[in-house]
Amino acid sequence: ASVKATGPFVPTKEDYQKVYNEIARLLVEKDEYDDGSYGPVLVRLAWHASGTYDKETGTGGSNGATMRFAPESDHGANAGLKHARDFLEPVKEKFPWITYSDLWTLAGSCAIQELGGPVIPWRPGRADRDLAACTPDGRLPDASKDQRHIRDIFYRMGFDDREIVALCGAHALGRAHTDRSGFDGPWDFSPTVFTNEFYKLLLDEKWEKRKWNGPQQFTDKTTKTLMMLPTDLALVKDKEFKQHVDRYAKDSDVFFKEFSDVYVKLLELGVPFTSKAEDRFVFKSSA
Ligand code: DDH
């Protein structure tokens with residue numbers, strides 16, 4: 001009898017949808033974390049894995065998942081992201097064929113969709129690299145700085161002003177933690193739902209300096225329970241940035257569309273895909 005040769009396992013879109021479904025299932029199951037969801041910290045993991053990209057040297061970006069290793073895991077900006085990496089570990093064990101770098105970015109796409117955000121088309125193709133590929137500290141934004149710093153950081157990745165403002169709308173999700181960044185509190189009243197609230201609050205609320213011993217941040221005059229970082233307020237201080245804050249506050253559909261495009265671009269920075277952009281998968285959200 002002849003033995004049929006079986007080649008290496010080549011995952012299909014359905015296999016990646018299974019990974020998506022498992023992450024979505026765990027998001028619901030593990031609802032005792034933070035405000036009731038690991039979603040926001042997954043969005044941040046995907047962003048910090050990708051946002052190290054430098055277009056001049058082609059270094060950094062989501063290809064590599066080098067945040068698994070010190071020194072990158074110990075960079076100040078990455079404090080707390082171990083929660084996200086550990087959350088995904090059982091998913092990696094169940095689907096060992098997926099690379100960490102594909103898994104972390106797929107989880108970002110999944111979290112945005114599951115938290116009520118736009119569809120984030122995604123494609124595989126990232127390879128994990130060793131610690132020699134770790135990026136130097138200082139490539140991610142520093143929240144205590146102003147618009148000049150924001151532009152330096154995001155222009156280095158290849159984004160323009162409109163894209164910067166769209167990306168920052170992710171702060172509708174999650175919160176700051178005193179034991180991670182030193183800052184404290186959520187940006188809006190629904191930190192586990194993806195909305196354009198971040199822009200509305202930036203425009204509609206009066207933001208005053210919080211009186212406390214922590215790093216300088218701002219609090220809303222009305223309830224004193226929300227917060228903005230200095231870099232968040234830079235988006236309304238700067239005229240070029242503010243016109244996009246206005247657009248996104250006014251029209252949630254426009255924000256969802258432009259956010260999707262730019263988050264897809266973020267997750268693909270520096271990845272040597274062999275597939276074409278039109279071959280991206282659109283995952284089915286749960287319920
Ligand atoms: Fe952010 N972010 N971010 N952010 N971010 C923090 C939390 C979250 C900056 C600083 C902080 C983006 C841009 C910027 C998310 C997504 C994105 C915290 C608090 C700080 C500080 C961390 C902690 O204490 O746990 C700065 C500065 C910028 C900037 O643009 C100048 C972008 C582009 C994204 C994105 O995803 C596209 C999310 C989500 C969180 C909430 C995390 C959590 O655990 O909750």
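What you see is a predicted model, and the numbers here were worked out from it, not measured in a lab. Note that ligands are numbered from 1 as they come in the structure, with each ligand's atoms numbered from 1 the same way.
Because its NZ or CZ atom is both nearer than 6.0 Å to the ring centre of Y100 and within 45° of the ring axis, K92 counts as a cation-pi partner of that residue. Judged by the 6.0 Å distance and 45° axis criteria, R210 is positioned over the aromatic ring of W212. A cation-pi arrangement is present between R151 and F241, with the terminal nitrogen or guanidinium carbon under 6.0 Å from the aromatic centre and inside a 45° cone about the axis. Judged by a 6.0 Å distance limit and a 45° cone about the ring axis, R123 is positioned over the six-membered ring of F273.
Atom CD of E32 sits in a sparse spot, with 12 or fewer heavy atoms from other residues, nucleotides or ligands closer than 6.0 Å.
The distance from ligand 1 to the heavy atoms of V41 drops below 4.0 Å at these ligand atoms: 44 (O). Proximity to R180 (heavy-atom distance under 4.0 Å) selects the following atoms of ligand 1: 23 (C), 24 (O), 25 (O), 44 (O). Residue A176 has at least one heavy-atom neighbour below 4.0 Å for each of these atoms of ligand 1: 19 (C), 23 (C), 24 (O). Close approach of ligand 1 to W187 is summarised as follows: ligand atoms under 4.0 Å from at least one heavy atom of the residue are 6 (C), 7 (C), 8 (C).
Among protein heavy atoms, atom 37 (C) of ligand 1 sits closest to L167 O, 3.5 Å. Looking from atom 25 (O) of ligand 1 to the surrounding protein, the closest heavy atom is H177 ND1, 2.6 Å. With respect to atom 43 (C) of ligand 1, the closest heavy atom belonging to the protein is R175 O, 3.6 Å.
A salt bridge is defined here as a Lys NZ or Arg NE, NH1 or NH2 lying under 4.0 Å from an Asp or Glu carboxylate O, and E56 with R156 fails to meet this definition.
Of the options L173, D184, T178, the smallest heavy-atom separation from atom 41 (C) of ligand 1 is shown by L173. By heavy-atom distance, the residue among P40, S37, A46, S181 lying nearest atom 24 (O) of ligand 1 is S181.
Less than 2.8 Å away from atom 1 (Fe) of ligand 1, the protein contributes these N/O/S atoms: H171 NE2.
Taking distance alone, with nitrogen or oxygen atoms compared against 3.5 Å, Y263 stays at or beyond that limit from ligand 1.
T59 and R139 share a side-chain donor-acceptor pair at under 3.5 Å. Checking E205 against T222 by side-chain atom types alone, a donor-acceptor pair falls below 3.5 Å.
The other members of the hydrophobic cluster of V119, by chain and number, are V282 (side-chain heavy atoms under 4.5 Å, ILVMFWY only).
Put simply, the side chain of Y20 does not reach to within 4.5 Å of the side chain of K284, judged on heavy atoms.
Results of the ring-ring contact (aromatic ring centres under 6.0 Å, His included) test with F194 over Y263, W187, F259 single out F259 as the only residue that passes.
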